[in-house]
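To start, the structure itself, in structure tokens.
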Amino acid sequence: MPDRARVVVVGGGVIGTSVAYHLAHLGWTDVVVVERDRLTSGTTWHAAGLMVTFGSTSETSTEMRKYTRDLYARLEAETGLATGFKPVGFIEVATDAGRLEEYRRVSAFNRYCGVDVHEISPGEVKELFPLARTDDILAGFYVEEDGRVNPVDVTMSLAKGARMRGVRILEGVPATGFLTARGASGRVVTGVHTPYGDIEAEYVVNCAGMWARQLGETAGVNIPLQAAEHYYLITEPIEGMDSSLPVLEDPASYGYFREEGAGLMIGLFEAVCAPWNVGLIPESFSFGQISPDWDRMAPYLEAAMARVPVSLDAGVRTFFCGPESFTPDLLPVVGEAPELKNFFVAAGLNSIGILTGGGIGRAIAHWIVDGQPGIDITGMNIDRLHSYQRNPEYRATRTVESLGMVYQCHYPGRSMQTARGAKLSPIHHRLVERRAYFKDVSGWEGADWYAPIGVEPKVEALSWGRQNWFPYWEAEHHATRDGVILMDMSFMSKFLVQGRDAGRELERISANRVDGETGVITYTQWLNERGTLEADLTVTKLDDDRFWVVASDSAHRHAETWMRRHFADAHAFVTDVTSAYAQINIQGPRSRELIASVTSHDVSNDAFPFRTAREIDLGFARPLCIRITYLGELGYELYIPAEQAAHVYDRLVEAGRAVDLRHAGLKALSSLRMEKGYRDYGHDIDNTDSVLEAGLGFAVALDKPGGFIGRDAVATLKAQGPPSRRLVQVLITDPEPLMFHAEGVRRNGKPVGYIRAASYGFTLGGAVGLAMVDAGQPLNQAWLDAGEWTVEIGASTYPVAVSLRPLYDPGNERIKM
Ligand SMILES: Cc1cc2nc3c(=O)[nH]c(=O)nc-3n(C[C@H](O)[C@H](O)[C@H](O)COP(=O)(O)OP(=O)(O)OC[C@H]3O[C@@H](n4cnc5c(N)ncnc54)[C@H](O)[C@@H]3O)c2cc1C
């Protein structure tokens with residue numbers, strides 16, 4: 001037993017060994033892996049071993065899959081241990097119009113990412129997988145290089161690769177807790193307790209699979225994952241099955257299929273699933289199985305078997321059920337814990353831990369060694385999750401839905417339906433009366449759109465086209481551009497930062513000048529030393545020692561942790577006041593008229609100009625009123641103590657009758673901000689983008705006294721001239737097609753980027769989005785103008801207009817009027 005190591009990795013499944021392997025490859029060989037029992041004894045040993053690169057519209061996930069496949073293909077040459085990788089091919093079949101559209105869109109995006117996927121006919125599916133029924137198939141999507149691996153062999157090979165470079169792997173050694181200390185910037189992990197003694201460490205990585213949550217709790221770290229039953233059936237040998245058959249996946253029938261021991265393996269993702277051991281995962285569960293629930297699974301099994309009818313007559317060799325971890329949003333839990341510095345987590349793999357294992361291990365290793373993961377981490381960062389999500393009731397409720405979501409058609413805007421109602425805005429019930437349709441916004445019920453009087457707010461049919469609420473959304477959009485609307489955004493993260501050093505410290509972490517005049521709001525980014533983005537938010541100076549920081553819902557814990565860690569011993573204190581204040585937006589050209597009618601405060605343009613903040617009187621309340629917009633119009637954000645929110649809302653609605661006040665939801669928020677090219681961190685900009693590439697150079701005060709974190713990197717980039725990569729606004733000139741995310745963008749027929757986020761621009765007259773475009777040379781408007789631009793939506797291509805400046809109100813005239 002060593003008594004110290006630079007890094008201790010807890011867990012010897014595919015993820016833990018991959019982390020150790022990649023650390024060793026980066027030269028960090030003083031690494032110890034502690035495994036409670038034996039390598040692979042958790043979930044890894046019984047995985048089906050699908051190695052598939054097709055299927056994700058996340059660049060991060062697709063890159064991870066590609067890297068993982070390549071790694072498994074070459075690992076044997078390095079370690080001498082085979083991974084069992086067989087590139088037998090992979091086919092995803094579509095049997096309904098929704099999935100056909102989805103897979104066409106996904107395959108276009110995956111091709112952009114370098115996955116060689118193409119659409120094949122039902123006849124070709126039959127040729128490749130003769131035992132499959134194909135008469136109801138609309139199309140297949142085929143990746144010849146994909147296939148299968150042996151998860152145990154993969155893990156052993158990764159472990160050997162790690163050992164060959166000096167990593168020590170200790171089996172039969174459980175981590176029982178963690179050593180921590182209080183450092184200048186919060187609590188920091190300093191080692192691992194085991195029954196055989198402590199191991200001191202600079203870094204700890206929790207790769208304990210489904211045990212990660214309860215292990216994390218011993219150190220106060222929130223890891224809200226939950227094990228669920230996960231099934232496959234293997235038949236007795238079937239004539240015609242051989243190991244060269246491709247893997248076939250048919251989500252509409254809940255099943256995937258591959259050869260196993262001359263029989264057929266039928267893996268299942270049932271629509272309604274079952275969490276396993278919501279209380280505690282037994283410490284002694286090794287190479288374990290769960291007794292299958294035949295009754296619950298029978299309908300799914302029948303549906304899946306019907307895809308390969310010969311399986312209905314074959315004997316069952318095994319019906320296997322094993323536990324796998326699922327997370328509330330089906331994305332893994334990866335990154336440094338906000339509660340504990342140097343404590344990393346890589347768990348909650350949602351049934352793709354084998355096929356992304358290489359990429360996850362590489363990202364964590366880079367994060368530890370280089371201080372950054374090298375990929376867009378915003379979607380999977382552990383700090384997106386909240387502590388209530390690890391409550392037993394929450395996990396039990398949400399997990400019923402999450403596993404099944406893997407095989408649902410991923411219609412745009414689809415929201416999880418379980419574990420809802422956990423967080424309500426203080427005016428939620430008023431909005432229910434207004435017929436709001438709600439969606440899950442980081443756990444909050446966010447009003448997405450409003451049904452007209454007499455219409456029930458419900459989605460009639462999910463689709464890739466114009467759904468029933470499209471006209472309601474359009475009306476809300478126009479009401480904002482032409483009149484005045486009320487929008488509830490109470491889910492925004494709000495912080496009060498106070499203390500003698502508050503201004504100085506905020507100035508140090510903000511790229512823009514935030515500690516100027518009192519009563520001024522500033523849009524700023526927080527950067528890391530490399531000049532790439534950590535947060536995108538506003539800072540309002542309330543007084544010399546009091547600042548109001550507002551970030552988006554998903555950046556809540558990241559922004560808070562960033563402040564706490566950087567303020568260290570300074571006299572600057574962060575209070576999370578998210579729940580203490582509602583945020584009601586009054587926006588549109590008639591917003592001033594409305595605000596003027598409810599307050600005695602002078603809100604004229606001279607007295608209350610753009611970017612100023614005042615406490616105003618409004619009925620019996622004194623909200624903080626900030627003249628700012630995220631929608632591109634004259635507008636105000638009102639921050640109201642929660643207990644007075646309903647009162648203020650009522651006053652606004654009452655006075656709003658005179659100015660035809662409408663309610664607008666988050667659909668309108670997205671279409672309005674997208675027309676104006678306003679960024680949304682985690683959606684169209686992320687941690688891999690420099691502030692200049694994001695087109696936010698205007699918000700950087702390079703020469704402010706004292707500088708700021710990331711200043712030197714930005715200055716160096718700026719000196720190099722216009723970046724070759726830039727966020728570009730894209731508008732389809734044909735009003736018909738819709739964009740959502742991941743549509744490929746081409747210049748003169750050549751792929752140069754993809755749409756990171758999109759909406760429909762009712763004022764601009766077409767679908768509009770933001771794409772990060774790589775020019776391979778300095779990117780400016782002249783280069784944009786010199787090209788012929790198109791966007792690829794599924795199998796179709798449309799001409800687009802592209803612009804660096806916002807296509808809507810480029811001169812900001814409307815917001816300053
Ligand atoms: C039926 C089934 C089929 C699947 N098929 C596929 C597939 O085809 N493709 C795919 O990509 N994925 C598949 N998966 C998912 C995949 O198996 C998992 O995502 C992956 O194995 C997770 O790996 P892990 O290292 O996170 O967890 P684990 O393999 O569970 O590893 C965690 C390790 O931590 C150890 N540990 C726990 N607590 C401690 C402690 N306190 N101290 C020390 N060690 C500890 C455990 O013993 C265990 O070995 C499947 C899963 C199931 C259940």
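Positions are given from 1 along the sequence. Order of listing sets the numbers, starting from 1, for every ligand and every atom in it.
- Not a single N or O atom of P323, backbone or side chain, sits closer than 3.5 Å to an N or O atom of ligand 1.
- For R398 and T418, the side-chain atoms include at least one donor-acceptor pair closer than 3.5 Å.
- If you check which protein heavy atom lies closest to atom 13 (C) of ligand 1, you get S351 O, 3.3 Å.
- Residue contact check: P174 has heavy atoms under 4.0 Å from atoms 42 (N), 43 (C) of ligand 1.
- At the shortest separation from atom 29 (O) of ligand 1 among protein heavy atoms lies T44 OG1, 2.5 Å.
- Here is the list of ligand 1 atoms found below 4.0 Å of a heavy atom in H46: 52 (C), 53 (C).
- Ring to ring, F285 and W276 are close: their centroids are under 6.0 angstrom apart.
- The nearest protein atom to atom 17 (O) of ligand 1, hydrogens excluded, is given as A47 CB, 3.2 Å; this is a heavy-atom distance.
- Remark: minimum distance from atom 30 (O) of ligand 1 to any protein heavy atom is reached at T43 N, 2.8 Å.
- If you check which protein heavy atom lies closest to atom 19 (O) of ligand 1, you get E324 OE2, 2.7 Å.
- For the residue pair S325 / R213, no side-chain donor-acceptor distance below 3.5 Å is found, with atom types taken as modelled.
- Looking at T79 and S157, their side chains do bring a donor and an acceptor atom within 3.5 Å of each other.
- For an aromatic pair to be called close, the ring centres must be under 6.0 Å apart, and Y67 with H22 satisfies this.
- Those atoms of ligand 1 with a heavy atom of Y232 less than 4.0 angstrom away are 1 (C).
- The heavy atom nearest to atom 32 (C) of ligand 1, out of those in G42, A347, C207, is found in C207.
- Ranking protein heavy atoms by distance to atom 52 (C) of ligand 1, first place goes to H230 CD2, 3.3 Å.
- Of the polar atoms of G353, at least one N or O is found under 3.5 Å from an N or O of ligand 1, judged by distance alone.
- Taking the six-membered ring for Trp and the full ring otherwise, the centers of Y388 and Y394 sit less than 6.0 Å from each other.
- Checked for salt-bridge contact, D329 and R384 meet the test: a charged N lies under 4.0 Å from a carboxylate O.
- Near W211, meaning under 4.0 Å from one of its heavy atoms, ligand 1 places the atoms 37 (C), 38 (N), 46 (C).
- Closest to atom 48 (C) of ligand 1 among all protein heavy atoms lies E35 OE1, 3.4 Å.
- Put simply, the side chain of S351 reaches to within 4.5 Å of the side chain of F269, judged on heavy atoms.
- Protein heavy atom closest to atom 26 (O) of ligand 1, with residue, atom name and distance, is I15 CG1, 3.3 Å.
- Ring pair Y142/F90: centre-to-centre distance not below 6.0 Å.
- Of the N and O atoms on the side chains of S41 and E35, at least one donor lies less than 3.5 Å from an acceptor on the other residue.
- Every atom of ligand 1 with a heavy atom of L355 under 4.0 Å away is listed here by number and element: 10 (C), 11 (O).
- Side-chain contact check for R557 and H386: no donor-acceptor pair (N or O, by modelled atom type) lies under 3.5 Å.
- Taking every heavy atom of G49 and a limit of under 4.0 angstrom, the matching atoms of ligand 1 come to 7 (C), 8 (O).
- Counting heavy atoms closer than 4.0 Å to ligand 1, residue A346 contributes nothing at all.
- Of the options T218, L349, V19, L50, the smallest heavy-atom separation from atom 8 (O) of ligand 1 is shown by L50.
- For ligand 1, the polar-atom distance check finds an N/O of I354 within less than 3.5 Å of one of the ligand's N/O atoms.
- The distance from ligand 1 to the heavy atoms of S41 drops below 4.0 Å at these ligand atoms: 47 (O), 49 (O).
- Two rings, from Y254 and Y407, have their centers 6.0 Å or more apart.
- For the residue pair H46/E324, the side-chain donor-acceptor check at 3.5 Å is not satisfied.
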